[in-house]
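Let me begin by presenting the structure, written as structure tokens, before commenting on it.
Source: prediction; values computed, not measured. Here is how names work: the chains are called A, B, and so on, in the same order as the sequence lines, proteins then strands, and each is numbered from 1.
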Number of protein chains: 2
Amino acid sequence: MREAHKTEATEDYVELIDDLICVNGEARLVDVASRMGVTQPTASKTLARLQRDGYISSEPYRSIFLTPMGKSLADESRLKHEIVFEFLQTIGVSKEAAKRDSEGMEHHVSDETLKAFKKLIRQYKS
Amino acid sequence: MREAHKTEATEDYVELIDDLICVNGEARLVDVASRMGVTQPTASKTLARLQRDGYISSEPYRSIFLTPMGKSLADESRLKHEIVFEFLQTIGVSKEAAKRDSEGMEHHVSDETLKAFKKLIRQYKS
DNA sequence: GTATAAACTAAGCCTTGGCTAAATTGTAAA
DNA sequence: TTTACAATTTAGCCAAGGCTTAGTTTATAC
């Protein structure tokens, strides 16, 4: 797989787990699976890989926690995601399309592009 | 894999094959592999799938052709790619970063977002 | 306190997209 | 024309990410 692809799933998962913890107080497999649109066994296998790679920690049958590494990746990802989402709306894309597109695009925008996005958001605001 | 992902490799390959045919007069496995940054057996396997799915045609040991379906996918993809590439440069992203980012982003922009990009390009031009 | 339902894990299979090593075919030069 | 090299294919391996079916564990409700 090409570079960006390798981390895409990881970023999506840690971002989601972080979100679930914020909203629900904890992240359960069943919710991760349903929000990712995959079956529980599939989510379970991916989470095992994330744990193996040091992004999350959890005991069998218990809820999921982010490691410091996982948390910082989640924060980075969400920031990118939010900027792209806001940018698209700023240039006139509907909320729904902006939501869909930003989810895919966030993994491909470089810091340079992100900076250009932020600048334009600022310009439009003034 | 999530929706966009499934067609990403296909789009990249047909776009590249189309390009090779334009520039070199024909598309050979060896060039496809080197431009995609994978080994020849890997490219060969992917091309077999593309042929199975009706995007390309070729005889053993011969060069590769796009089917009408492959050609129209290539045209669509390149158009998207070019718009994203031009858009990023228009908002101040360097050519190099625009090239890298547009390659990943092209698979995730909806028609609505593409329209917004085109509009902004026009605005900046005037 | 036990039965039942929900959550999770285990096992096994599939496809895609990587790789290496080895065999085959095509082509060009001696 | 033969030989050697380049291009391609074949075979076999691996990891990720998807599925289903079946078995465990946990939690809930009675």
Side-chain angles (χ1 to χ4, degrees), chain A residues 1-17 20-21 23-66 70 73 77 103-104 107-108, chain B residues 1-17 20-21 23-66 70 73 77 103-104 107-108:
Chain A
M1 259 178 261
R2 291 185 307 301
E3 332 68 49
H5 278 205
K6 275 193 297 210
T7 42
E8 263 183 60
T10 303
E11 287 174 18
D12 286 341
Y13 271 85
V14 294
E15 210 181 323
L16 170 56
I17 290 164
L20 286 170
I21 290 171
V23 172
N24 299 349
E26 64 171 353
R28 307 296 313 243
L29 173 64
V30 63
D31 299 313
V32 172
S34 94
R35 286 271 296 267
M36 290 298 297
V38 298
T39 60
Q40 287 180 218
T42 295
S44 181
K45 210 200 280 189
T46 303
L47 291 174
R49 180 176 62 73
L50 259 52
Q51 182 154 20
R52 184 200 66 194
D53 295 347
Y55 294 101
I56 65 169
S57 67
S58 87
E59 298 299 314
Y61 295 97
R62 287 278 112 83
S63 67
I64 303 142
F65 301 92
L66 291 173
L73 182 60
S77 294
E103 257 150 45
H107 307 292
H108 300 277
Chain B
M1 260 178 260
R2 292 187 308 301
E3 333 67 51
H5 278 203
K6 274 193 297 211
T7 42
E8 264 185 58
T10 302
E11 285 174 18
D12 285 341
Y13 271 85
V14 295
E15 209 180 325
L16 170 56
I17 289 164
L20 287 171
I21 291 172
V23 172
N24 298 348
E26 64 171 353
R28 305 297 310 249
L29 172 64
V30 64
D31 299 313
V32 171
S34 93
R35 287 269 297 265
M36 290 298 294
V38 298
T39 60
Q40 287 177 219
T42 295
S44 182
K45 210 199 278 188
T46 302
L47 290 174
R49 179 176 61 74
L50 260 54
Q51 182 154 22
R52 182 201 66 196
D53 295 346
Y55 294 100
I56 64 169
S57 67
S58 87
E59 298 299 312
Y61 296 97
R62 287 278 113 82
S63 67
I64 303 142
F65 301 92
L66 292 172
L73 181 61
S77 295
E103 258 150 43
H107 306 293
H108 300 276

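With D:dG12, D:dC19, C:dT20 as the candidates, the nucleotide lying closest to the side chain of A:Lys45 is D:dC19. Minimum atom distance to the side chain of A:Val30 is reached by C:dA7, of the listed D:dT8, C:dA7, C:dT20. Here the nucleotide nearest the side chain of A:Thr39, chosen from C:dC19, D:dT20, C:dA7, is D:dT20. Side-chain atoms of B:Ser44 lie closest to D:dT10 of the nucleotides D:dT10, C:dC8, D:dC13. Here D:dA16 is the nucleotide among D:dT10, C:dG17, D:dA16 with the atom lying nearest to any side-chain atom of A:Arg52.
Rounded to whole angstrom, the span from the CG atom of B:Leu20 across to the C1' atom of D:dA7 amounts to 15 Å. Distance OH (A:Tyr61) to P (D:dT25): 6 Å, rounded to an integer number of Å. Rounded to an integer number of Å, the gap from CD of B:Gln40 to P of C:dT20 is 12 Å. Atom P of nucleotide C:dT16 and atom CE of B:Met36 are separated by 15 Å, given to the nearest angstrom. Distance CZ (B:Arg62) to C1' (C:dG26): 7 Å, rounded to an integer number of Å. A straight line from CZ of B:Arg49 to P of C:dT15 spans 13 Å, rounded to a whole angstrom. Computed from coordinates, the A:His5 NE2 to C:dT16 P distance equals 15 Å when rounded to whole Å. Rounded to whole Å, the distance from CG on B:Leu47 to C1' on D:dA7 is 13 Å.
Here the straight-line distance linking atom CG of B:Leu73 with atom OH of B:Tyr55 works out to 6.0 Å at 0.5 Å rounding.
As judged by a 4.0 angstrom heavy-atom cut-off over every strand, A:Pro60 is placed among residues touching the sugar-phosphate backbone only.
Considering only side-chain N and O atoms, B:Thr42 lies nowhere under 4.0 angstrom from the phosphate OP1 or OP2 of C:dG17.
Of the two residues near DNA chain C, B:Arg28 and B:Ala43, the one whose nearest nucleotide lies more 5' is B:Ala43.
The aromatic rings of B:His108 and B:His5 sit perpendicular to each other, their planes meeting at more than 60°, with 30° as the lower class boundary.
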